[in-house]
Amino acid sequence: MINRRKFIGAATAAGMMGILPKSVRSMGKGLSVRRELPVIISTWRHGLPSNDAAMKVLEDGGGVLDAVEHGVWVPEADPENRSVGLGGMPDRDGFVTLDASIMGPDGNAGSVAFLEHIVHPVSVARKVMEDTPHELLVGEGALQFALEQGFKKENLLTPGAEKDWKEWLKTAKYDPVINWENEPNKYHDTIGLLAVNKNGDVAGACTTSGMGFKMHGRVGDSPIIGAGLFVDNEVGAATATGMGELVLKTLGSFLVVEFMRNGMSPQQACEAAVLRIVHKLPENKKFQVGYIAVNKNGETGGYSLQPGFNYALYQSGKNVLLDAKSYY
Ligand code: ASP
C-alpha cells in the first residue's frame with residue numbers, strides 16, 4: 001500500500017515536473033471547501049491574543065494589512081515573550097537583533113533584518129514596503145531608516161533576557177533543542193500570522209528575534225520573502241517557524257503556496273513542504289520546523305517536522321489553539 005506521506009511526495013514531485021496527466025496534476029482543484037471568512041491563523045500560543053487583535057481590526061473595518069501588522073504587535077511589545085521584539089533573546093554577544101517581514105494582497109512586500117532597538121520591526125518592514133523602492137533593509141541602514149521614520153530607539157534587552165543570556169554564557173554552548181520554544185525559557189520562536197478578509201484578500205506578517213544566542217549577524221528565514229512568509233492573493237499564504245536554516249534552504253513558504261496553486265489543500269501543502277525538508281536535508285531529524293497556511297477559500301492547515309508545534313486559528317467566531325500533526 002502506498003504510504004500517504006510517500007504518495008504526497010511522489011505526486012508533488014511528479015506534478016511539479018509536469019509529468020503527471022493534467023487531471024492528476026490538478027488534484028484537489030474544484031474540491032476545495034469554502035470556509036467562513038474572515039480567517040486568521042498564526043504560529044504558537046502567542047497567536048491567540050495576536051489573532052484577537054487582528055480580528056478586531058477587521059471587525060472595525062480595517063484593512064487586511066493593518067490586521068496582520070496589529071496582530072503581531074502583541075508579542076512584539078510583550079517583554080515576557082522571549083522570542084519576538086522587546087524581551088527577545090539576544091545573540092551570543094548580547095545584542096537583540098530582529099527580523100521581520102510583511103506582504104500584502106497586491107504582491108508588495110517589505111522586510112527588515114538584523115535590526116536593533118526597535119520594538120515593532122514589522123512596522124519598519126511595512127514602511128520599507130510602502131515608502132521605499134526596496135524590499136529589504138538590514139542592520140544599521142534599517143535602524144537609520146526607522147529613526148528617520150520616527151520610530152523610537154529603545155533598549156530591547158530586558159532584565160529577564162539578560163539574566164538568561166548571562167546564565168548561558170557560563171557554558172556558552174549553542175545546542176538547539178527541538179521545541180525549546182515551548183520551554184519556560186524561550187530561546188527560539190516566531191510569530192507568523194496570516195489573514196484572509198471577508199472579500200478573500202490575503203496578507204501575512206512574520207516577526208522574530210530569531211535563534212537565541214545565535215552568531216552576531218545571523219539572519220533567519222523570517223525576513224526572507226518566500227522562506228519565512230509568502231502571500232499570493234490568487235492562491236493564499238504560508239508562514240514558517242522553527243529552524244530558519246532548513247526553511248531557507250527549501251524556500252519553504254513559497255513552496256507551500258506553489259503546492260496550493262497546483263491544487264493541494266493548505267494541509268497537504270504544509271505536509272509536502274515538510275517532506276521536502278525530510279528528503280533534502282539530513283539535519284532535519286535534529287530540528288523543528290512548522291508551517292501554517294491558508295487559501296483564499298478560508299481553508300487552513302498546519303504541519304511540523306517534530307511533535308510539539310501548535311497554532312492559533314480564529315474562524316467562525318472561535319479562536320482556538322490547535323496541535324499540528326508532525327512527520328516524526
Ligand atoms: N524561524 C526563526 C529563525 O530561524 C525562529 C523560530 O521560528 O523559532 O530565526
Side-chain angles (χ1 to χ4, degrees), residues 65 68-69 72-73 75-79 81-104 108-162 164-166 168-169 172 174 186-192 204-229 239-241 243-245 247-249 251 253:
L65 261 178
V68 298
E69 180 187 15
V72 302
W73 276 356
E76 279 187 340
D78 179 358
N81 188 315
R82 288 279 197 282
S83 58
V84 183
L86 177 68
M89 278 295 189
D91 64 22
R92 64 186 191 180
D93 299 319
F95 300 98
V96 180
T97 70
L98 307 174
D99 297 339
S101 59
I102 189 163
M103 190 163 189
N108 207 1
S111 309
V112 288
F114 193 47
L115 172 65
E116 288 181 75
H117 303 303
I118 303 292
V119 173
H120 291 301
V122 72
S123 299
V124 186
R126 184 165 179 183
K127 285 276 178 200
V128 172
M129 173 174 84
E130 290 176 344
D131 297 344
T132 79
H134 306 305
E135 196 284 318
L136 169 65
L137 291 180
V138 306
E140 273 301 314
L143 178 61
Q144 188 189 325
F145 171 72
L147 298 177
E148 279 164 17
Q149 293 291 321
F151 288 86
K152 223 172 108 211
K153 188 169 177 177
E154 293 183 49
N155 174 22
L156 304 183
L157 186 63
T158 57
E162 190 172 8
D164 290 344
W165 170 60
K166 292 206 164 131
W168 176 81
L169 276 180
Y174 182 65
K186 294 182 173 188
Y187 294 102
H188 190 222
D189 209 346
T190 293
I191 179 132
C206 186
T207 172
T208 188
S209 52
M211 249 185 230
F213 321 130
K214 61 194 173 187
M215 286 178 72
H216 189 60
R218 182 262 187 188
V219 169
D221 58 312
S222 308
I224 306 302
I225 289 299
L229 174 71
T239 188
T241 181
M243 193 68 180
E245 282 69 6
V247 178
L248 281 162
K249 288 175 195 173
L251 210 54
S253 294

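Atoms considered below: every heavy atom in the structure, side chains included; atoms not considered: hydrogens, waters and symmetry mates. On a predicted model such as this, the values are computed, not experimentally measured, just so you know.
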Worksheet item: Considering all heavy atoms of both residues, which atom of Lys214 and which atom of Asp91 are nearest to each other, and what is their separation?
Response: O-CB, 3.2 Å

Discussion item. Donor-acceptor check, side chain of Glu69 to backbone of Arg126, threshold 3.5 angstrom: yes or no?
Written reply: no

Practice prompt. Search all heavy atoms of Lys152 against all heavy atoms of Leu147 and return the closest pair with its distance.
Written response: C-CD2, 4.5 Å

Discussion item. To the closest 0.5 Å, what do you measure between CD1 (Ile225) and CG (Leu251)?
Written reply: 10.0 Å

Worksheet item: Going from OG1 on Thr132 to CD on Gln149, what distance comes out if it is rounded to the nearest 0.5 angstrom?
Response: 9.0 Å

Fill in: Residues Lys127 and Glu148 bridged, charged N to O under 4.0 Å
no

Response to the item:
CD1 (Ile118) and CD (Glu116) are apart, to the nearest 0.5 Å, by 10.0 Å

Worksheet item: Where the side chain of Asp221 meets the backbone of Val247, is there a donor-acceptor pair that is under 3.5 Å apart?
Response: no

Fill in: Sub-6.0 Å ring centroid separation between His120 and Phe151
no

Fill in: Intermediate values then yes/no, salt bridge (charged side-chain N to carboxylate O under 4.0 Å, His left out), Glu245 and Arg218
CA-CA 10 Å; Glu245 282 69 6; Arg218 182 262 187 188; 2.8 Å; yes

Discussion item. Taking the side chain as everything from C-beta on, heavy atoms only, tell me whether Leu98 gets closer than 4.5 Å to Leu156.
Written reply: yes

Fill in: Heavy-atom side-chain proximity of Met211 to Met243 below 4.5 angstrom
yes

Fill in: Set of side-chain hydrogen bond (donor to acceptor under 3.5 Å, both in side chains) partners for Trp73, sequence neighbours left out
Ser123

Worksheet item: Considering only heavy atoms from C-beta outward, does the side chain of Val219 approach that of Val138 to under 4.5 Å?
Response: no

Item to complete: Mind checking the CE-CZ spacing from Met215 to Arg92? Nearest 0.5 Å is all I need.
Response: 4.5 Å

Worksheet item: What residues, two or more places apart in sequence or in another chain, satisfy salt bridge (charged side-chain N to carboxylate O under 4.0 Å, His left out) together with Lys249?
Response: Glu283

Worksheet item: Taking the side chain from Asp99 and the backbone from Phe114, do they hold a donor-acceptor pair closer than 3.5 Å?
Response: yes

Worksheet item: Could you give the distance from OG1 (Thr207) to CD (Glu76), rounded to the nearest 0.5 Å?
Response: 3.5 Å

Fill in: Closest approach of Leu157 to Gly94 (non-hydrogen atoms, all atoms of both residues)
CD2-O, 3.8 Å

Worksheet item: Counting heavy atoms not belonging to Glu140, are there more than 12 under 6.0 Å from its CD?
Response: no

Discussion item. side-chain contact (heavy atoms from CB on, under 4.5 Å), that's the test. Do Glu130 and Leu65 meet it? Break it down for me.
Written reply: CA-CA 11 Å; Glu130 290 176 344; Leu65 261 178; 4.2 Å; yes

Worksheet item: Of the non-hydrogen atoms in Cys206 and Thr190, which two are nearest, and what is the gap between them?
Response: SG-CG2, 3.6 Å

Worksheet item: Mind checking whether His117 and Leu143 have side chains closer than 4.5 Å, heavy atoms only?
Response: yes

Worksheet entry | Any donor-acceptor pair under 3.5 Å from Thr239 side chain to Gly228 backbone | yes

Item to complete: Answer whether the closest heavy-atom distance between the side chains of Leu136 and Val128 falls below 4.5 Å.
Response: no

Practice prompt. Could you tell me whether the side chain of Ser253 and the main chain of Gly226 form a donor-acceptor pair under 3.5 Å?
Written response: no

Worksheet entry | For the student: nearest non-hydrogen atoms of Asp164 and Met89, plus distance | OD2-CE, 3.3 Å

Practice prompt. Over 60° means perpendicular and under 30° means parallel, so classify the ring planes of Trp168 and Phe213, tilted if in between.
Written response: parallel

Response to the item:
Of all heavy-atom pairs linking Ala125 and Ser101, the shortest is CB-CA, 4.2 Å

Item to complete: Report yes if the side chains of Thr158 and Leu86 come closer than 4.5 Å at any heavy-atom pair, otherwise no.
Response: yes

